[in-house]
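Some notes on the structure that comes next.
None of these values were measured; they are calculated from a predicted model. Side chains are part of it too, since the values below use all heavy atoms of this structure and drop only hydrogens, waters and symmetry mates.
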Amino acid sequence: MRNLFQLLWNNNFFLLYVILQGVCFYLIVDEQKYHQAAVLNSANSSVAKIMSTVNEAKVYLALRQNNESLALENAQQKAFDSTKFFDTRTQTFTIKDTAYLIQYTYTPAKVVNNNTNKRNNFLTLDKGLANGIRPDMGVISAGGAVGVVKDVSEHFATVQSLLHSKTKASVRLKNGFYGPLTWDGVDPKFATISDISANVPVHKGDTIITTSFSTLFPEGILVGHVEKVEANPAGDFLKITVRLSANFSNLSYVYIVNNKFKLEQQQLEAHTDSVDKNAN
């Protein structure tokens with residue numbers, strides 16, 4: 001207590017100055033309306049700033065709770081997002097005509113894996129045995145022929161694409177001449193047709209389509225267009241470079257082709273071949 005009195009005594013002039021300043025301020029404000037209004041406005045402004053700061057602090061403190069709540073809502077929405085579910089539905093498209101039997105049906109499928117930078121390339125589709133998919137079915141896209149189903153599980157299928165060293169697709173030129181289309185393993189945009197006689201007229205831009213000789217595709221499915229024509233070194237055949245119509249680097253959806261008469265045709269041809277061999 002003694003120290004407190006000593007502190008007050010040592011600063012008595014300063015304290016007296018502060019007290020007198022306060023008294024003067026009170027008298028001025030109390031007697032003058034202008035000063036009263038100025039002080040009141042200043043006080044209101046200060047209070048408003050303090051309240052604004054307090055509110056901002058409350059909002060900031062509530063951010064974490066709000067963010068956690070939003071994250072939970074987003075997680076719930078994503079959990080029910082249809083794109084996160086595996087589609088087990090089978091949509092098969094057919095063309096009905098009372099004058100003809102339906103030979104081909106088409107099942108849409110999503111490409112879930114794909115590669116184009118190997119010597120032997122495959123695609124993986126999200127349709128399998130549960131959707132009626134079987135090996136040796138043709139696969140096409142909106143751009144053109146893609147490949148053939150190789151292996152099938154319950155819900156997936158792998159496709160040996162045209163960009164595979166063992167794929168040989170039977171194709172036809174617009175003039176009716178046909179030959180096998182193969183890939184040389186270099187550029188995924190191009191393939192090659194061989195076994196076309198050197199005296200056949202072929203021009204850049206000519207359309208290449210599938211033939212009826214294969215049980216994989218309907219006849220007339222677009223394969224590509226002639227990019228370049230060269231004479232084979234032997235001189236008997238042409239080397240025809242084809243720009244593939246399907247963009248294998250950007251495949252998202254395809255159609256799996258089911259030839260309903262394929263087994264019947266193959267069994268008949270096998271029987272004929274067997275009878276012919278036995279006869280010889």
Side-chain angles (χ1 to χ4, degrees), residues 86-114 121-164 166-174 176 178-183 191 193 207-224 244-246 248 251-277:
F86 191 90
D87 189 358
T88 58
R89 297 173 299 174
T90 303
Q91 294 177 298
T92 301
F93 298 93
T94 60
I95 300 175
K96 296 183 179 180
D97 192 317
T98 56
Y100 299 94
L101 294 175
I102 299 171
Q103 182 173 359
Y104 297 99
T105 61
Y106 303 85
T107 302
K110 183 179 180 180
V111 178
V112 297
N113 196 10
N114 182 24
N121 296 289
F122 291 90
L123 299 86
T124 304
L125 309 181
D126 68 344
K127 294 294 183 287
L129 293 171
N131 309 102
I133 307 306
R134 299 293 184 269
D136 296 326
M137 287 184 173
V139 178
I140 64 176
S141 70
V146 172
V148 56
V149 174
K150 186 67 175 177
D151 294 305
V152 185
S153 67
E154 190 67 15
H155 299 106
F156 295 96
T158 54
V159 177
Q160 179 178 305
S161 79
L162 295 183
L163 308 182
H164 192 288
K166 295 182 179 179
T167 299
K168 287 188 177 182
S170 178
V171 297
R172 179 169 62 84
L173 299 168
K174 70 175 184 178
Y178 58 88
L181 178 111
T182 58
W183 187 56
I193 301 176
T207 300
I208 307 299
I209 59 176
T210 57
T211 70
S212 60
F213 301 153
S214 170
T215 57
L216 298 175
F217 307 104
E219 184 176 12
I221 297 296
L222 183 64
V223 175
L244 299 172
S245 57
F248 285 87
L251 286 176
S252 297
Y253 291 92
V254 295
Y255 297 94
I256 303 172
V257 182
N258 177 25
N259 181 354
K260 300 178 68 175
F261 299 154
K262 179 175 68 174
L263 182 60
E264 177 185 344
Q265 179 182 341
Q266 290 176 338
Q267 288 177 341
L268 176 62
E269 291 173 347
H271 176 72
T272 301
D273 185 60
S274 175
V275 170
D276 184 65
K277 287 182 179 178

Counterpart residues, side chain to side chain contact (heavy atoms under 4.5 Å, CB included), relative to [X] (two or more places apart):
| X | answer |
| --- | --- |
| Ala191 | Leu181, Leu244 |
| Ser252 | none |
| Leu268 | Thr272 |
| Glu269 | Gln265 |

Applying side-chain hydrogen bond (donor to acceptor under 3.5 Å, both in side chains), name anything that partners [X], two or more places apart in sequence or on another chain.
| X | result |
| --- | --- |
| Thr167 | Gln160 |
| Thr211 | Ser170 |
| Ser141 | none |
| Asn258 | none |

Distance from [X] atom [atom1] to [Y] atom [atom2], nearest 0.5 Å?
| X | Y | atom1 | atom2 | value |
| --- | --- | --- | --- | --- |
| Asp126 | Phe156 | CG | CZ | 7.0 Å |
| Ser245 | Ile140 | OG | CD1 | 10.5 Å |
| Thr182 | Leu163 | OG1 | CG | 11.5 Å |
| Lys262 | Leu216 | NZ | CG | 6.5 Å |
| Leu251 | Leu123 | CG | CG | 6.0 Å |

Where is the tightest heavy-atom contact between [X] and [Y], given as atom of each residue plus distance?
| X | Y | result |
| --- | --- | --- |
| Leu222 | Gly143 | CD2-O, 3.8 Å |
| Lys127 | Ala109 | CG-CB, 3.7 Å |
| Val171 | Ile193 | CG2-CD1, 3.7 Å |
| Tyr106 | Pro218 | OH-CG, 3.3 Å |
| Val254 | Leu125 | CG2-CD2, 3.7 Å |
| Thr210 | Ala145 | CG2-CB, 4.4 Å |

| request: Take Asn114 and Thr124 through the test side-chain contact (heavy atoms from CB on, under 4.5 Å) and record every step on the way to the result. | output: CA-CA 6 Å; Asn114 182 24; Thr124 304; over 6 Å; no
| request: Name all residues meeting the ring-ring contact (aromatic ring centres under 6.0 Å, His included) criterion together with Phe248; count only those two or more places apart in sequence or in a different chain, and write none if there are none. | output: none
| remark: Sorted by chain and number, sequence neighbours left out, ring-ring contact (aromatic ring centres under 6.0 Å, His included) with Tyr253 holds for none
| task | Would you sort out whether Lys150 and Phe122 count as a side-chain contact (heavy atoms from CB on, under 4.5 Å), showing the intermediate values? | result | CA-CA 9 Å; Lys150 186 67 175 177; Phe122 291 90; 4.2 Å; yes
| remark: Residues at least two apart in sequence or cross-chain that pass salt bridge (Lys or Arg N to Asp or Glu O under 4.0 Å) with Glu264, listed by chain then number, are none
| said: Lys174: which residues meet the salt bridge (Lys or Arg N to Asp or Glu O under 4.0 Å) condition with it, sequence neighbours left out? | reply: Asp206
| said: I want to check something: taking the side chain as every heavy atom from C-beta on, are Gln103 and Asn259 in contact at a cut-off of under 4.5 Å? | reply: yes
| Is there side-chain contact between Arg172 and Ile209, with at least one heavy-atom pair below 4.5 Å? | yes
| request: Evaluate the criterion side-chain contact (heavy atoms from CB on, under 4.5 Å) for residue pair Val139 and Val257; output intermediate values, then yes/no. | output: CA-CA 6 Å; Val139 178; Val257 182; over 6 Å; no
| message | Could you go through Ile256 and Val149, starting from their C-alpha distance and side-chain angles, then the distance that decides it, and tell me whether this counts as side-chain contact (heavy atoms from CB on, under 4.5 Å)? | response | CA-CA 8 Å; Ile256 303 172; Val149 174; 4.2 Å; yes
